[in-house]
K.L.:
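Have a look at this one.
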Amino acid sequence: MPKTEATPARPSLLLLDGHSLAYRAFYALKEANLVTTDGQHTEAVYGFTSMLVNVLRDERPSHVAVCFDRSEPTFRHTEYAEYKANRTETPEDFRGQVSLIFEVLDTLRIPRLSLAGFEADDLIATLATRGSAEGMSVLIVTGDRDALQLVDDNVTVLMTRRGISDMTRFTPDAVMEKYELTPAQYPDFAAIRGDSSDNLKNIPGVGEKTAAKWIREFGSLEELVNRVDEVKGKVGDKLREHLGQVMMNRRLTELKRDVPLDVEPASLTMGQFDREGIHKLLDSLQIRGELRERLFKTLGSAEPEVEDAFEVELAMPGPDEVAGWLAAMPAGRAGLAFRGSYGSGTGRIDAIAIAPPGGTAAYLDPTRLTQADEAALREWLGDEAREKAVHDAKGPMLALWAQGMELRGLSCDTALAAYLATPGQRTFELDDLAVRYLKRELRSEAEAGGQGSLFDTDGEAEARDLALRAQAVRELAEGLEEFLSTRGGTHLLGEVELPLVTVLAEMERTGICTDREYLAGLESEFGAAVKQAVEEAHRVVGEQFNLGSPKQLQTILFDKLGLPKTKKIKTGYTTDADALAWLAGQTEHELPTILLRHRDQTKLRTTVEGLIKEIGDDGRIHTTFNQIIAATGRLSSEKPNLQNIPIRTAEGRRIRQGFVVGEGFETLLTADYSQIELRIMAHLSGDESLIAAFESGHDFHQATAARVFDIPPEQVGGDLRAKIKAMNYGLAYGLSDFGLSGQLNIPVAEARALKDEYFEEFGGVREFLQAIVAQARKDGYTETILGRRRYLPDLTSDNRQRREMAERMALNAPIQGSAADIIKVAMLNVRRALAAEGLRSRMLLQVHDELVFEVAPGELDALRALAIREMGSAYSLRVPLEVSVGVGRTWEDAGH
DNA sequence: CACCTAACGTA
DNA sequence: CGTACGTTAGGTGT
């Protein structure tokens, strides 16, 4: 098809007054009372965004900017101290929404501008004047009538009318029709009329009617002043009396068209908007429904770069053709995509697509391979020298293993790479990544209608889809690697996360052995205790109710029994363990105690139940370790979660006795880092006193307490040690005075004093924690010792709650994340050493600072030494990395 | 049936 | 008003 050259449309510049519109939106939607479950109001951000999307949809501007006021005083305040002095304080619910609007605009890649000393209006006037001079048609959207002075043949104003959906379009004719004044006359008229919102005084007895009449009669304010004596009557006297005020009003109303703004209208283009970011933002604001759809529909069609999809030539080698195809495949890294299902340490592959460089991809159905095909495929997949890129490789790896095939030569995992690029994301779907990093759409042909149609008898659409995915993975791997290389993530990906995939897969495949009968016995024991607690509770209250329902519990506790109220939560008053313990102490009633026991026992029972359900045919539990979930870099464990098995109470520890050494092995061994996060703090802060406390050889909490209170370590009592222990641990979480006071049951003032005393001794720690946050605010992200980043845009939020939350995340992320880095490196080194020493012992679990091993007969001493050596040397800190080891038949016995 | 909340286990 | 997770049960809305 011949390309036709479209007539270039005249460039159009859309300028919005951010504050003015946000404020109008806020009041327009006030009745709706839009608020998220954590108390963030969203009327302004919702209304503003909705209006913005509508204007973009209806006007289709080529250029756009949103201008904002600043908190600094402007030249108008210098001229007139009382300027806007009568403004009522910003409503509480409005505060913080402006920064959310900033986030929306940034995510949509819409430029936003502000300049100290000037109002949004002045920026708009300046840009409108410049844009108009450059031949653009300008559209201004605002709720401020002063903007009418800017209207001319090139400049139109859209003024909000009550609400936000209703707008009036002011051309010169429309201004004339409404006010019987020209746009140029409007500020003259406004100066006489005054403006109560800006605290510009009017002339007593002179309203809009008289003001307009004078300007029409004299043509302009200047002329009126020149011939002011011609104005007759009492109003004339008043005018002469207030002439000074009027002239000042006129100067203040005049919008500045020459603000020193270092932005050219032509540069105000819309960038490629962040699709995932918008989803995330709208999710966090709990905005659902049509706005999201309208937004994507409007902005989606303005995404020319995304229009081209991936393309691939499909090869479907038939029986005995696979070996030939693989042999003839172009050199270079191939992208692989798998269809199948994975989990619990195993999996099944239904189809494989291989996309080498060159644009032709093969689709293989494993059930249709001849022996020769299979051998060739096994050879290729297991060849370290044939580079491969896979998206989320651990599942396919497990599935291939289940079929006796290896997956080697993995040089990129696009899911891991994307995780390192932006670890905060909830998901890393291939389709989203393709759009984000390659600006390409990964469309499904099967879903597009091929499936089940007459032309799809052999599932060709599905084959094509998988081939496209393989192709996308191959291209995405290049894109993401390049992206990461600019952010220092290459080492972390290539040397840590990527090799860890295989280690985790091995751990999942191995699983941990359980004693099914023992756990079943435990379940019925806990079950009986639950039943008893339920009966007691019903008897004490005198009626039947569901102890597991916080709602019913509230009714019983606070309405029926009239017990004192606890802390307020969204749905009433909390019935959590702290509150129940408090109630037990406050009242004579025995119910809270019974409820506490019920909670305990229920939790234990359901934990055991969950475990039993996950025991495989081999008597072992195969958890899944997730490598791309935690924003800090930690692993997580699911189905079941083996990282939260009880340990604190004796009752809970009984569950750990259900995890036992497997047949053919000698014992379980656990190895954990002691106080790794505190050691990282000592290392990163360089605080000499804290470092010395670690080197002292004394119990760490005891040693720090001794230093804080300046007494010998031997004299540190249990109480003092407990206080300092709480401090030590709280630091890395951004613990507040309030939080510390609550935890130690002491007054806030005392907690603050304790903190001050602590920092008196460990000043370097305080400086370090403050420096982390300051640095993060400047950079927008934090970094671990291996360069793992965490982005925290909320650090500059003007919503206090969000900002302080981000600050705590900022000081925790490098500490928790560095600990995660270290144990990941340790796992790799342990794995390598096991192989190097030819040991059969194997790693089963990772619980953040602990590794659990199954020891092969005769290897106990060797493994113990290996674990201590490899974990202790994983990273060189300014303090030693101490590792403690426990051994026993069960996980509980192997604990410390 | 899908989703949210409260509660609670771990590091 | 302490970070990071996953699971469960109850309750609500589609």
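Naming: A, B, ... by sequence-line order, numbering from 1 per chain.
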K.L.:
Got a salt bridge between A:R788 and A:E497, using NZ or NE/NH1/NH2 to carboxylate O under 4.0 Å?
P.N.:
yes

K.L.:
A:Q552 near the nucleic acid: base, sugar-phosphate alone, or nothing, with a heavy-atom cut-off under 4.0 Å?
P.N.:
sugar-phosphate

K.L.:
Among C:dG10, C:dC1, B:dT10, which is the nearest nucleotide to the side chain of A:P646?
P.N.:
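Of all the options, the side chain of A:P646 is nearest to B:dT10.
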
K.L.:
Is A:A631 touching bases, backbone alone, or none of the nucleic acid, heavy atoms closer than 4.0 Å?
P.N.:
sugar-phosphate

K.L.:
Evaluate A:E508 against A:K639 for salt bridge (Lys or Arg N to Asp or Glu O under 4.0 Å), listing each step before the verdict.
P.N.:
CA-CA 11 Å; A:E508 293 178 12; A:K639 288 187 292 182; over 6 Å; no

K.L.:
State whether the side chain of A:Y673 and the backbone N or O of A:M871 hold a donor-acceptor pair below 3.5 Å, judged by distance alone.
P.N.:
yes

K.L.:
What nucleic acid atoms does A:G548 come within less than 4.0 Å of, heavy atoms only: base, sugar-phosphate, or nothing?
P.N.:
sugar-phosphate

K.L.:
Report the distance from atom CG of A:L580 to atom P of B:dA6, rounded to the nearest whole Å.
P.N.:
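In whole Å, B:dA6 P lies 15 Å from A:L580 CG.
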
K.L.:
The side chain of A:E638 is closest to which nucleotide in this list: C:dA4, C:dT7, B:dA11?
P.N.:
C:dT7

K.L.:
Any base atoms under 4.0 Å from A:M727, or only sugar-phosphate, or nothing? Heavy atoms, all strands.
P.N.:
nothing

K.L.:
Side chain of A:S549 only, heavy atoms from C-beta on: which candidate in B:dA7, B:dA11, C:dG11 is closest?
P.N.:
C:dG11

K.L.:
Does any residue of residues 591-607 of chain A have a heavy atom under 4.0 Å from DNA chain C, and if so, which ones, in number order?
P.N.:
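Per residue number, the list reads A:K603, A:T606.
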
K.L.:
Base, sugar-phosphate, or nothing for A:R808, non-hydrogen atoms under 4.0 angstrom?
P.N.:
sugar-phosphate

K.L.:
Would you mind reading off the distance between A:K551 atom NZ and C:dG10 atom C1', rounded to a whole angstrom?
P.N.:
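Distance, rounded to whole Å: 10 Å.
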
K.L.:
Hydrogens and angles aside, do A:T623 and A:N641 bring a side-chain donor and acceptor to less than 3.5 Å of each other?
P.N.:
no

K.L.:
When the distance from CD1 of A:I647 to P of B:dG9 is rounded to whole Å, what number comes out?
P.N.:
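Rounded to the whole Å, the gap is 13 Å.
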
K.L.:
Tell me which nucleotide among C:dG6, C:dT3, B:dA6 gets nearest to the side chain of A:I629.
P.N.:
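Nearest to the side chain of A:I629 among the choices is C:dG6.
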
K.L.:
First locate atom CG of A:L811, then atom CE of A:M681, and finally report the distance between them rounded to the nearest 0.5 Å.
P.N.:
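Interatomic distance, A:L811 CG to A:M681 CE, rounded to 0.5 Å: 9.0 Å.
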
K.L.:
More than 12 non-hydrogen atoms from neighbouring residues, nucleotides or ligands closer than 6.0 Å to CD on A:E590, yes or no?
P.N.:
no

K.L.:
Side chain of A:N644, heavy atoms from C-beta onward: which of B:dA7, C:dT3, C:dG6 has the nearest atom to it?
P.N.:
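So the nucleotide nearest the side chain must be C:dG6.
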
K.L.:
State whether the side chain of A:H622 and the backbone N or O of A:G343 hold a donor-acceptor pair below 3.5 Å, judged by distance alone.
P.N.:
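No, A:H622 side chain to A:G343 backbone: no donor-acceptor pair under 3.5 Å.
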
K.L.:
Side chain of A:N546: nearest nucleotide among B:dA6, C:dA4, C:dG10?
P.N.:
C:dG10

K.L.:
Given the structure, check if the side chain of A:N641 and the base of C:dG6 hold any donor-acceptor pair shorter than 3.5 Å.
P.N.:
no

K.L.:
Measure from the side-chain heavy atoms of A:T575 and tell me the nearest of B:dT10, B:dA7, C:dT3.
P.N.:
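The answer is B:dA7.
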
K.L.:
Starting at CG of A:N812 and ending at P of C:dC5, how long is that distance when rounded to a whole Å?
P.N.:
10 Å

K.L.:
From the set B:dC8, C:dT3, C:dC1, return the single nucleotide nearest to any side-chain atom of A:A577.
P.N.:
B:dC8

K.L.:
What integer distance in Å separates A:L611:CG from C:dT8:C1'?
P.N.:
13 Å

K.L.:
Could you tell me the separation between the CE atom of A:M809 and the C1' atom of C:dC5, rounded to a whole number of Å?
P.N.:
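Between C1' of C:dC5 and CE of A:M809: 13 Å.
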
K.L.:
What is the distance from CZ of A:R790 to C1' of C:dT3, rounded to the nearest Å?
P.N.:
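Atom CZ in A:R790 sits about 8 Å away from atom C1' in C:dT3.
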
K.L.:
Is the A:Y729-A:H701 ring centre distance short of 6.0 angstrom?
P.N.:
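Yes, the ring of A:Y729 comes within the 6.0 Å limit of the ring of A:H701, centre to centre.
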
K.L.:
Heavy atoms only, 4.0 Å cut-off, all strands: where does A:R800 land among base, sugar-phosphate and nothing?
P.N.:
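Nothing, no heavy atom under 4.0 Å.
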
K.L.:
Using modelled atom types only, decide if a donor and an acceptor are shared between the side chain of A:T670 and the backbone of A:V852 within a distance under 3.5 Å.
P.N.:
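Flag not set: sc A:T670 to bb A:V852 has no pair under 3.5 Å.
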
K.L.:
With heavy atoms under 4.0 Å as the rule, sort A:I569 into base, sugar-phosphate or nothing.
P.N.:
sugar-phosphate

K.L.:
Take atom CD of A:E609 and atom C1' of C:dT7, then tell me their distance rounded to the nearest Å.
P.N.:
12 Å

K.L.:
Closer than 4.0 Å, any side-chain N/O of A:R634 to the OP1 or OP2 of B:dA11?
P.N.:
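No, outside the criterion.
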
K.L.:
Looking at A:T574, I'd like to know whether one of its side-chain N or O atoms comes within less than 4.0 Å of OP1 or OP2 on B:dA7.
P.N.:
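Yes, A:T574 has a side-chain N/O under 4.0 Å of OP1/OP2 on B:dA7.
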
